[in-house]
Amino acid sequence: MRNHTRVATMWGILFRVFAVALALGVLVPFVDRFLGSAVTAYPDLDTGAVASILSIISGAMVTLAGLVFTALTTAMSLGITAMSVRIVPVFQGDRVIQWGLGAFTGTFVYSLLVALSIAVRDDAYRPWVGTVLAVAATLASGTMFIAVTVRITQQLNPGMLLRRLAHDGCNATRYDPARFHTHADVVETRAVPEGHEVRRRGERRPGGRTNGDCVLAVNTPRLLDCEDAWGMRVELVPEVGSPVPPGGLLFRTSAPTSPEQHRQLERAVAFGDILSPDNGPFGAIRAMVDTALKALSPAVNDPTRAVQALDQIEEVLVRLSPRLSERRRDVARHPEAVLLRRWGHTWEDHVAAATDEIRQFATTSVQVQRRLRALFTTLLTLTPPQQHPPLRERLDALDRGIDGWWEDPLDRRLAAGTDAQGLGDMAPRGDTGGGEV
């Protein structure tokens, strides 16, 4: 289960490429030495010139890596300032950036080792294979430099970044939660009110890094196996999605647990950041809402960016609607699965998280209010009737707020309109715009 909920790290690809380059830098000189002695017609090569070229390549790769790192940190700083701190995982998990930095680092290490092997070998050494691989790695690094530059530039584009958040959120589920709901009703009925407490250990990974404190998944079959093997009853205290800080209460057991049993119980629970786009649509929605709220703040004052965020929020909600409808039908078919009912956020939770704060902060923006109306109207036409009440409730809230938020009749009329562009479709329906220009 933990393998399915593990968040991709930034250093994984870099370390693998570094290790491969290190291995090639050590082994390729032996291959060249073997081929030079086994192949009679093995071509000659100016090892001095090759060593100089490899030294230049090594220096260039270090420079490229430094430039990319500087550009990356600058982009992250600008993104945090102008949009939201939640965009950091987007940069951190970007595969193009990771492979680019890996290519620069790997080429540097490989070229340095091959150049060193030339320096310590005799004059008969002809590093043809090493040179060909170095040239190929250099060309690949040049290509990756272009790709990384384009990707960082794209990430600074608010529209493209919001689309990336929406895409990542909708495609973030790496596992099927239903697998871990086996016998969930049995676990739910476990109650040991006077039992022995099992608290989450306050361990930290190297560097102080943690995946998060929220309960993302519970391996209920493992809990039941532990009960059978240990002859005790185990009560799961927190709900899925609730935060459990180090030292927080995880379980109650009917008998004392040993340190090893404590570890096994804790391994049955996966923790993470419920608000990260990597962990599902809810986290992506919250990241986009944060971006919209930053855009609506007096310091930024960019309602058009808030409209862009609503465009992507609408797409996520439209794609999410059938998933939640299917889950609702699944719960109806299995009324005993209490834990399944509490597994994730409901449709109303998603609608509230996606629109309520924007609606409250957009009381001075006609553009955002019109786009919100269009979002609710679109969802009413694309979602099943059982998902309509929270949408109609928020449309009614917008209607009630018109008189309180706007004094001028023109502003009231505009704020009561529905416009998917915000302020791009001002003409009433049926008006062809054929009047005098």
Side-chain angles (χ1 to χ4, degrees), residues 8-76 90-156 160 164 167-168:
T9 60
M10 187 173 185
W11 59 267
I13 290 178
L14 276 70
F15 179 78
R16 295 186 187 99
V17 174
F18 180 85
V20 170
L22 190 64
L24 287 176
V26 173
L27 296 177
V28 166
F30 291 98
V31 175
D32 270 318
R33 171 68 69 177
F34 171 77
L35 292 177
S37 59
V39 179
T40 307
Y42 204 60
D44 242 342
L45 197 65
D46 187 346
T47 55
V50 171
S52 299
I53 293 173
L54 293 176
S55 299
I56 294 173
I57 292 175
S58 298
M61 291 302 107
V62 172
T63 303
L64 281 180
L67 288 174
V68 170
F69 181 77
T70 301
L72 179 61
T73 53
T74 302
M76 291 175 64
V90 176
F91 288 93
Q92 190 176 19
D94 193 284
R95 295 300 187 188
V96 173
I97 295 175
Q98 292 177 6
W99 278 107
L101 291 173
F104 305 148
T105 306
T107 303
F108 161 73
V109 172
Y110 173 78
S111 301
L112 183 64
L113 291 177
V114 173
L116 183 62
S117 69
I118 293 174
V120 299
R121 302 281 178 171
D122 54 41
D123 294 338
Y125 175 53
R126 290 167 291 178
W128 268 102
V129 176
T131 302
V132 170
L133 289 179
V135 172
T138 303
L139 294 176
S141 297
T143 303
M144 290 306 303
F145 179 72
I146 297 173
V148 170
T149 303
V150 172
R151 179 55 60 89
I152 292 177
T153 304
Q154 291 175 343
Q155 304 287 37
L156 290 175
M160 299 189 72
R164 173 74 182 277
H167 177 271
D168 290 350

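- Residue L112 holds its CG atom at 10.0 Å from OG of S117, rounded to the nearest 0.5 Å.
- Using a distance-only test at 3.5 Å, with no hydrogens or angles considered, no donor-acceptor pair links the side chain of T107 to the main chain of F104.
- Note that the CG atom of L139 and the CE atom of M144 stand 13.5 Å from one another [nearest 0.5 Å].
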Q.
Using side-chain contact (heavy atoms from CB on, under 4.5 Å), reason through I13 and W99 one step at a time and then give a plain yes or no.
A. CA-CA 7 Å; I13 290 178; W99 278 107; 3.5 Å; yes

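- R151 meets the salt bridge (Lys or Arg N to Asp or Glu O under 4.0 Å) test with D94; sequence neighbours excluded.
- Contact between A134 and S111 at its shortest, heavy atoms only, is CB-OG, 4.4 Å.
- Side-chain atoms of L14 and F18, non-hydrogen and from C-beta on, never get closer than 4.5 Å to each other.
- Once rounded to the nearest 0.5 Å, the distance linking CD1 of I118 with OG1 of T131 reads 5.5 Å.
- Among all heavy-atom pairs drawn from L54 and A115, the shortest one is CD1-N, 3.8 Å.
- Side-chain contact check for T105 versus M61: every heavy-atom pair is 4.5 Å or farther apart.
- Interatomic distance, I57 CD1 to S52 OG, rounded to the nearest 0.5 Å: 11.0 Å.
- Once rounded to the nearest 0.5 Å, the distance linking CZ of F108 with OG1 of T63 reads 10.0 Å.
- Under the side-chain contact (heavy atoms from CB on, under 4.5 Å) criterion, V28 pairs with L24, D32, Y110, V129, L133, not counting sequence neighbours.
- Atoms OG and CG, on S141 and L101 in that order, are 11.0 Å from each other to the nearest 0.5 Å.
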